[in-house]
Amino acid sequence: MADKAAATLVDYARDYEPVVLRRLGERILQVVAPETAEQVERAALARAEQRADRDRFFSLSDGGDGAVRLSGRLGAEAAAVVRAALEPLCRPLPGDTRTPGQRRADALVDLCRLALATDELPDHGGEPPQLVVTVEYDLLARQLGPGLLDTGETLSPEAVRRMACDARIVPAVLDGTGQPLDLGRQRRLVTGALRRALVLRDGGCAFPACDRPAKWCHGHHIEPWADGGPTCLSNVVLACGFHHGLLHH
């Protein structure tokens, strides 16, 4: 059987490009031994799926330059799930100049933000999943102070102020040496009845021609919260992650 397959491929090599010849080689049994081709193909698929499952991984590595490198490997089934979740968030938006790779990266972050906004994730250390950013309030209000993530990375003042637009804020009072004196209760900014009213009014991202639904949007303060802007319906607007960033820029 192997000799017959090899001879057939040699004959095909006179007439087909290498890429086509490779595909023919993968299906050669359907030509020379159709009675066993399906069984052999199932076995090959099973071996490929076992290898993919064994070799799967995902890692985030700090590059030391303010960026984190993502790398990983998934099987075909798992990758299909990831693609199905990301693709609705990868479409170009009005005013969008991002590359396809940048849109996929933003879609991954949007998907994680959406998951964090639900109550479906398990607790982490007894607390709901959340981002913690430490910054002195006076510095934040003066648009000067960087923030420190609980993962150790530093954020620019602009990024901290953007996160403060629609976040779960934990006020912390620090003494001169940075030791916490009092840790306040969490308070959400655009939630509950206000969030429902905002969704009813805007329906989704309020940026012209954007069709992102409300569940993918943040509550953006028109007059910044850190500048004393009130958290009321007349001072907030729904904006998707991409347009929220544009508004802050």
Quiz item: Taking NZ, NE, NH1 and NH2 as the nitrogens, is one of them in Asp106 or Arg103 under 4.0 Å from a carboxylate oxygen of the other?
Solution: no
Quiz item: Is Arg91 salt-bridged to Asp211, going by a charged N under 4.0 Å from an acidic O?
Solution: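 Counted as a salt bridge, because a side-chain N and a carboxylate O are separated by less than 4.0 Å.
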Quiz prompt | Residues clustered with Ile222, ILVMFWY side-chain links under 4.5 angstrom | solution =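 Other cluster members: Val237.
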Exercise. Could you give me the CA-CA distance, side-chain angles and deciding distance for Arg113 and His218, then say whether side chain to side chain contact (heavy atoms under 4.5 Å, CB included) is met?
Key: CA-CA 10 Å; Arg113 283 196 177 113; His218 313 156; 3.6 Å; yes
Validation: residues 198-209 side-chain donor-acceptor distances under 3.5 Å, sequence neighbours left out:
from: Arg201; atom 1: NH1; to: Leu233; atom 2: O; distance (Å): 2.7
from: Arg201; atom 1: NH2; to: Val236; atom 2: O; distance (Å): 2.6
from: Asp202; atom 1: OD2; to: Leu238; atom 2: N; distance (Å): 3.0

Practice problem: Determine whether Arg73 and Arg56 make a side-chain contact, defined as any pair of heavy atoms from C-beta on separated by less than 4.5 Å. | Solution: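 Not touching, per the 4.5 Å side-chain cut-off.
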Quiz prompt | Heavy-atom check, side chain of Cys210 versus side chain of Cys240, under 4.5 Å | solution =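 Cys210 vs Cys240: side chains touch.
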Quiz item: Is there a chain of hydrophobic side chains (I, L, V, M, F, W, Y, each step under 4.5 Å between heavy atoms) that links Leu86 to Val68?
Solution: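 The answer is yes; both residues are in one hydrophobic cluster.
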Quiz item: Side-chain heavy atoms under 4.5 angstrom apart, residues restricted to Ile, Leu, Val, Met, Phe, Trp, Tyr: same cluster for Leu60 and Leu74?
Solution: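 Both belong to a single hydrophobic cluster.
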Rounded distance (nearest 0.5 Å) linking atom [atom1] of [X] with atom [atom2] of [Y]:
X: Leu114; Y: Leu89; atom1: CG; atom2: CG; answer: 7.5 Å
X: Glu49; Y: Arg47; atom1: CD; atom2: CZ; answer: 11.5 Å
X: His244; Y: Arg212; atom1: NE2; atom2: CZ; answer: 15.0 Å

Practice problem: With sequence neighbours excluded, tell me which residues meet side-chain hydrogen bond (donor to acceptor under 3.5 Å, both in side chains) with Ser59. | Solution: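 Once residues adjacent in sequence are excluded, the partners of Ser59 under the side-chain hydrogen bond (donor to acceptor under 3.5 Å, both in side chains) criterion are Ser71.
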Backbone N/O of [Y] and side chain of [X]: donor-acceptor pair under 3.5 Å:
X: His243; Y: Leu93; value: no
X: Asn235; Y: His221; value: no
X: Gln102; Y: Thr99; value: yes

Quiz item: Step by step, would you call Asp110 with Phe242 a side chain to side chain contact (heavy atoms under 4.5 Å, CB included)?
Solution: CA-CA 9 Å; Asp110 284 343; Phe242 172 68; 5.9 Å; no
Exercise. Mind running side chain to side chain contact (heavy atoms under 4.5 Å, CB included) on Leu108 and Val82 for me, showing each step along the way?
Key: CA-CA 9 Å; Leu108 176 61; Val82 173; over 6 Å; no
Quiz prompt | Nearest non-hydrogen partners of Ala85 and Pro88, listed with the distance | solution = O-CD, 3.6 Å
